[in-house]
Asks: 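Right, I'll just put the structure down here and ask away after.
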Amino acid sequence: MDISGLLGILFGFACMVVGILLDGELGSYWDTASVFITLGGTIFATMANYSFKSFKTIFKIIPIALKKDKTDFKQSIQTLINLANIARREGVLALENEAESLNDSFLKKGIILVVDGSDPELVKNILETELDFIEERHEQKQAMLYSMSAYAPAFGMAGTLIGLINMLKELDKPENVGPSMAVALVTTFYGVILANLFFTPLAGRLKEKTAIEVMHKQMLIEGILSIQVGENPRIIEEKLKAFLSDKKQTEISKKEKFIDERETR
Amino acid sequence: MDISGLLGILFGFACMVVGILLDGELGSYWDTASVFITLGGTIFATMANYSFKSFKTIFKIIPIALKKDKTDFKQSIQTLINLANIARREGVLALENEAESLNDSFLKKGIILVVDGSDPELVKNILETELDFIEERHEQKQAMLYSMSAYAPAFGMAGTLIGLINMLKELDKPENVGPSMAVALVTTFYGVILANLFFTPLAGRLKEKTAIEVMHKQMLIEGILSIQVGENPRIIEEKLKAFLSDKKQTEISKKEKFIDERETR
Amino acid sequence: MDISGLLGILFGFACMVVGILLDGELGSYWDTASVFITLGGTIFATMANYSFKSFKTIFKIIPIALKKDKTDFKQSIQTLINLANIARREGVLALENEAESLNDSFLKKGIILVVDGSDPELVKNILETELDFIEERHEQKQAMLYSMSAYAPAFGMAGTLIGLINMLKELDKPENVGPSMAVALVTTFYGVILANLFFTPLAGRLKEKTAIEVMHKQMLIEGILSIQVGENPRIIEEKLKAFLSDKKQTEISKKEKFIDERETR
Amino acid sequence: MDISGLLGILFGFACMVVGILLDGELGSYWDTASVFITLGGTIFATMANYSFKSFKTIFKIIPIALKKDKTDFKQSIQTLINLANIARREGVLALENEAESLNDSFLKKGIILVVDGSDPELVKNILETELDFIEERHEQKQAMLYSMSAYAPAFGMAGTLIGLINMLKELDKPENVGPSMAVALVTTFYGVILANLFFTPLAGRLKEKTAIEVMHKQMLIEGILSIQVGENPRIIEEKLKAFLSDKKQTEISKKEKFIDERETR
Amino acid sequence: MDISGLLGILFGFACMVVGILLDGELGSYWDTASVFITLGGTIFATMANYSFKSFKTIFKIIPIALKKDKTDFKQSIQTLINLANIARREGVLALENEAESLNDSFLKKGIILVVDGSDPELVKNILETELDFIEERHEQKQAMLYSMSAYAPAFGMAGTLIGLINMLKELDKPENVGPSMAVALVTTFYGVILANLFFTPLAGRLKEKTAIEVMHKQMLIEGILSIQVGENPRIIEEKLKAFLSDKKQTEISKKEKFIDERETR
């Protein structure tokens, strides 16, 4: 669990509650009709917007969006260089045993393709096609959360219109006008908060996660292809380090030594 | 019929109705003038926006958008691998009989081109041109629904302006102000609901369908071209499986065996 | 004249008129000041937005947008195949006489380039450059109508602000407030209607026309280049039919025979 | 000075003035606080948005946007064909003298590179890099005007909020409410007019100018490279004419003859 | 510190203060609840939108956005030409000592790759991958500021809704209505000002900085690759000068001479 996701949402709600309590009372902010209109409208419009198969995934997406990203670029570079060293010393066939113990299924698949002696063009083609479709599926999930963040304020507005229309039909009881309008505005408030403190941030988290995953897989592809053509592990390290930020590159240069120089030179 | 489309729209409307009934009555939400302005304006602006030939298709689009997607990637992979096995054993000419029994007209066309001995470049060129224009035509249909979802709130607003102008001309009868404003707001409500519970979700469904169809046809092209150059069916399987999600790939590995290994090795 | 353009606009206006008459009277919807502000503002802002040379073309664009598209893909395929047959039997030089009688100036230009014995690379380069700039010029014209559809509601809002400011200065005559506000809102109404029932639909029509013209010219380029390298007319037919929809392709297969098979085999 | 720029802005303002005078008086439309908020806010937000070096150029951009575009495609084609003829007859070195008298610095630079005997790849590379960065710098200037047209209505709204807040603090003097609200709305009016009658049109003009300049320079590059490889001037003419509209192409064919046919054949 | 950043923000605030003081008093513009809702909501929604690791960088971004850009294209061209001269006279190995004294870590890395005798394709690949990810990381930081500038007005609106709802619940005390509505509007005002005088301008500054950095690094890559293949320093100068504006190119031609002509010819 990455702390920023839940904490951001909680602290954001806390700010709203503090803002409400400084001048009013929380009781005015619950309205059953508004929940039906805003939350129900948003969920069912999203359901109508997607095939049922896609819509179901929404319940898996939210915990994924909140989870901490565990991608460890440095560890993956280390793994790739180890594999490169083995491939250099003992040939690519020796990678067969190593492949078994790899955790990353994408890397594993790539290494197995290499061990199988597939054509480098084919390995590249297969891994890139797979990456393209992983990216596409992730973007669809973000898109689902972004449509929810667009539906929420629209149904918030629809609810406020309903509230105003109901109120205007009974203008003859002036003592009801204030409270009725307040209730009408609560629905817009729900829509704004749902969109800006829930759906948009979650979509943003998924977007960041996808970017990291795609960059990681691009690095893996680069590494796998370099191993296949038998490049020098030191050069592979140079290539892969370009995927890291300056700061991380320096850390590696200082603290760690990926390659036992004697072996590779 | 994919259940999410109709159910989403129905449940969405149900939420609106519940929201209305909790504080008011449904009767206030029917206004003939508003229907003319919102629905009429939206339909005729869309008609003006497109050639009559394109506009007519709108009536075919809606049932298509609601229909369940039947594309079966696994079945298509199986079919392509069967064709690849036949081509390997008996030559591409033997595919002529098989082509007759294929249901997918795009695949059929591709196989006939292969049987005819067309140049691989030409086969690729023809199939990709066709895919491009299929995609373009689908995007135009989505665009039509997206323009309707943009016109609907605009005409909703136009109707509310009409309602307000009519009301303001008769401010001397104060007992009419409330009901008149209520009627004015009904038009905006129609626009919001039409856009967010009908046109936008339908456009979204078409978009998802198009994405699946395009991905499926890309897979077919990949398969057809691999068959033409006589690639090993096992490699073709690897290539085509990259178009599936991880989960489906595992299912295939576990439950099914596309290829009789003895034959292809 | 494509009926959908004018009819859409007319029926759309009719819906507005019906909507108005059901509750009020048309007289309230004419205001000279509002016409100056909305229509004048929109036209002159657009004039300021473009060079005078571009701005002048606006008067030619509107009838073009309303005109029916006459592009006949099937006829063009037939023409290209005829030319291909002549080129095969009698050589490309024989196309010189044919070129004279061609109506389509783009096709004519391409055929003359072929007859002149220009390098295929050069023919492709010239025709594609020309297509690029045709597309660019068309997009600029769409852009002009789209900016008008963005200026119209902005000046509608400006007019409403003017109306409200004028009214607020004279709040001491309460009997004027209603009618003055009504007049103020008329300007916003003008802006919404101009944008959504006139400029946006016209821009949309131009966009559709451009898409068809570009697709048609791409098909002509494909055909011209195939004729130049002396491809088999049957293959050319296959290639060009990929530019048609499935339905039209079937029509051709059933009803017509482009090529006399004895001649080309 | 291209007349449409200034005239469009002037006539647009005139329409606003007429619209104001038909119902009210101009005096109500001046408010010092509103000028500070709208114009000051827009200018200083733009200043904060850019480095001081970029921000300074805003004062040069406006006259450039208003100036008439003098690019003469036909004249440039004539010049390129003359150069091509000289290069054919006397070799590219003979272009050295001609280069001196060229007005267009981009063309001059290209011809000097050709005379210097630079590699064609290098000439193309240098000229295209230069064109890319010219385009980028122009787009940044447009972007500056577009941000001003986004800041103006935002600060207009900020000013209206200030006006309303000030007014609401003094609700006990009801005779002030009308005039105070009028003043509050004036700021929004300023923002709308600044954006739609000034910044957006100017940005649009720059965009059109950039498009013409880029197209012109692309034509020059095409011409320079053709001269370098010694292409036939008649072919160069064909290539360059593709950059003109149909109408202009016909004018050239009819009225003018770029090339003395005897010389080049 | 680039003066335009801080001064723009300060002068912008000053304009708001002047605008407020001309009609009202500053005291009405402080409201604790509004600060919680607008600023708290914006910050925590942004926190929820990003992983904690990314969110933390926000505090480093703001001073970076305000800092003056120190990139000196002319100095870098001079450095590259010096390196090119050394490489020509003494071979690329002689660059090893020079590399030590280079300040720019990107240039240093490139030169070391050249000295190491890496394949030109590899050098290009590594440097371009690194540039791609530098660009991506910068764009993520801009995106963070842009999301803050989108969240701020949304939470401003949420706060105004809270204020209105609280007020409407107490309509029975009419003397409170004015001040309560004023407080409600203050929150919207905060949102507009935060977005338009703080977050958007800062994001704009970062965007400009990124564009300059990317262009500079592209020039360095061009230079490094030219040095590696041993191109003539005079040609390198021509190539690199294409990255400068016309004005700067002329300055260089007039005032400075990068290359001692005798040496290179």
Side-chain angles (χ1 to χ4, degrees), chain A residues 2-16 18-25 28-29 68-69 153 175 177-183 185-186 188-189 192-193 195-198 200-205 207-209 211-212 215 218 222 231 235 238-239 241-246, chain E residues 31-41 43-56 105-106 109 113 116 118-119 122 125-134 136-137 140 143 147 150-151 154-155 157-159 161-172 180 183 187:
Chain A
D2 183 66
I3 54 168
S4 73
L6 264 196
L7 283 191
I9 294 175
L10 286 178
F11 287 174
F13 273 112
C15 284
M16 296 307 115
V18 169
I20 289 169
L21 291 177
L22 282 174
D23 290 304
E25 41 182 314
S28 331
Y29 290 84
K68 194 180 166 85
D69 178 75
E175 72 280 10
V177 168
S180 296
M181 264 195 79
V183 168
L185 290 182
V186 162
T188 293
F189 178 69
V192 171
I193 292 301
N196 287 287
L197 212 45
F198 202 69
T200 307
L202 286 180
R205 294 185 78 77
K207 200 175 175 184
E208 193 185 350
K209 276 204 159 56
I212 291 172
M215 205 200 280
Q218 281 172 340
E222 188 84 42
E231 267 178 22
I235 286 173
E238 276 307 321
K239 266 186 176 173
K241 272 166 56 185
F243 286 80
L244 301 176
S245 65
D246 251 20
Chain E
D31 179 55
T32 314
S34 301
V35 173
F36 266 96
I37 295 166
T38 315
L39 201 57
I43 288 175
F44 292 120
T46 307
M47 182 172 161
N49 202 345
Y50 291 95
S51 67
F52 191 65
K53 212 169 102 190
S54 302
F55 174 67
K56 278 187 309 183
S105 68
F106 188 83
K109 174 166 198 170
L113 283 168
D116 281 4
S118 313
D119 187 67
L122 180 69
N125 182 316
I126 289 179
L127 295 177
E128 286 183 347
T129 305
E130 192 148 343
L131 178 53
D132 281 356
F133 291 115
I134 287 173
E136 205 168 307
R137 277 189 294 270
Q140 202 211 15
S147 17
Y151 282 129
F155 284 103
M157 194 189 149
L161 289 167
I162 291 175
L164 291 174
I165 294 167
N166 288 344
M167 180 203 80
L168 290 163
K169 290 282 175 181
E170 309 194 350
L171 270 188
D172 43 333
S180 295
V183 168
T187 325

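The structure displayed is predicted, hence computed values, not measured ones. Within every chain, numbering begins at 1; the chains are lettered A, B, ... in the order of the sequence lines, protein sequences first and strands thereafter.
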Asks: Using heavy-atom distances under 4.5 Å, tell me whether E:D119 contacts chain A through its side chain, its backbone, both, or neither.
Replies: neither
Asks: Output the option from A:A14, A:S28, A:P179 having the highest count of non-hydrogen pairs under 4.5 Å with chain E.
Replies: A:S28
Asks: Against chain A, label E:L113 side chain, backbone, both or neither, depending on which of its atoms sit under 4.5 Å from a heavy atom there.
Replies: side chain
Asks: Using the side chain to side chain contact (heavy atoms under 4.5 Å, CB included) rule, pick out the option among A:E208, A:K209, A:K68 that qualifies with E:S51.
Replies: A:E208
Asks: Using non-hydrogen atoms and a 4.5 Å limit, figure out which bit of E:L122 sits close to chain A: side chain, backbone, both or neither.
Replies: side chain
Asks: Relative to chain E, which of A:F198, A:F189, A:F13 shows the most heavy atom pairs under 4.5 Å?
Replies: A:F189
Asks: Could you tell me which portion of A:S180 (side chain, backbone, both or neither) has an atom closer than 4.5 angstrom to a non-hydrogen atom of chain E?
Replies: neither
Asks: Please report the shortest heavy-atom distance between E:T32 and A:L22, naming the atom on each side.
Replies: C-CD1, 4.1 Å
Asks: Heavy-atom pairs under 4.5 Å with chain E: which of A:I193, A:V186, A:D69 has the most?
Replies: A:V186
Asks: A:G5 and E:A48: which non-hydrogen atoms are nearest, and at how many Å?
Replies: O-CB, 3.8 Å
Asks: Looking at OG1 of E:T129 and CD of A:E222, how far apart are the two atoms once the value is rounded to the nearest 0.5 Å?
Replies: 6.0 Å
Asks: If every non-hydrogen atom of E:F36 is compared with every non-hydrogen atom of A:C15, which pair is closest and at what distance?
Replies: O-CB, 3.5 Å
Asks: Which of the residues A:G24, A:S4, A:G8 is involved in the greatest number of heavy-atom pairs with chain E at under 4.5 angstrom?
Replies: A:S4
Asks: Minimum heavy-atom separation for A:M16 and E:G41, please, with both atom names.
Replies: CE-CA, 4.0 Å
Asks: Calculate, to the nearest 0.5 Å, the distance between atoms CE and CE belonging to E:M167 and A:M181 respectively.
Replies: 7.0 Å
Asks: Heavy-atom distances under 4.5 Å only: say whether E:K56 touches chain A with side chain, backbone, both or neither.
Replies: neither
Asks: Which pair of heavy atoms, one from E:N49 and one from A:G204, lies closest together, and at what distance?
Replies: OD1-CA, 2.8 Å
Asks: Can you tell me how far the CE atom of E:M47 sits from the CG atom of A:L10, to the nearest 0.5 Å?
Replies: 9.5 Å
Asks: Please report the shortest heavy-atom distance between A:A242 and E:I126, naming the atom on each side.
Replies: CB-O, 3.6 Å
Asks: Applying ring pair (Phe, Tyr, Trp, His ring centres under 6.0 Å), can you list everything that pairs with E:Y151, at least two apart in sequence or on another chain?
Replies: none
Asks: With a 4.5 angstrom heavy-atom cut-off, which part of E:E136 approaches chain A: side chain, backbone, both or neither?
Replies: side chain
Asks: Looking at chain E, which one of A:L21, A:I9, A:D23 has the largest number of heavy-atom pairs inside 4.5 Å, strictly under?
Replies: A:D23
Asks: Please name all residues satisfying ring pair (Phe, Tyr, Trp, His ring centres under 6.0 Å) with E:F106, sequence neighbours left out, ordered by chain then number.
Replies: none
Asks: Can you tell me which of E:S118, E:A158, E:A154, E:G40 forms the most heavy-atom pairs within a distance under 4.5 Å of chain A?
Replies: E:A158
Asks: Taking side chain as everything from C-beta outward and backbone as N, CA, C, O, which of these in A:L185 sits under 4.5 Å from a heavy atom of chain E? Side chain, backbone, both or neither.
Replies: both
Asks: Of the listed residues (E:S54, E:A143, E:S34), which shares the most heavy-atom pairs with chain A below a 4.5 Å separation?
Replies: E:S54
Asks: Determine the interplanar angle of the E:F133 and A:F243 rings, folded into 0 to 90°, and report it as parallel if under 30°, tilted if 30 to 60°, perpendicular if over 60°.
Replies: tilted
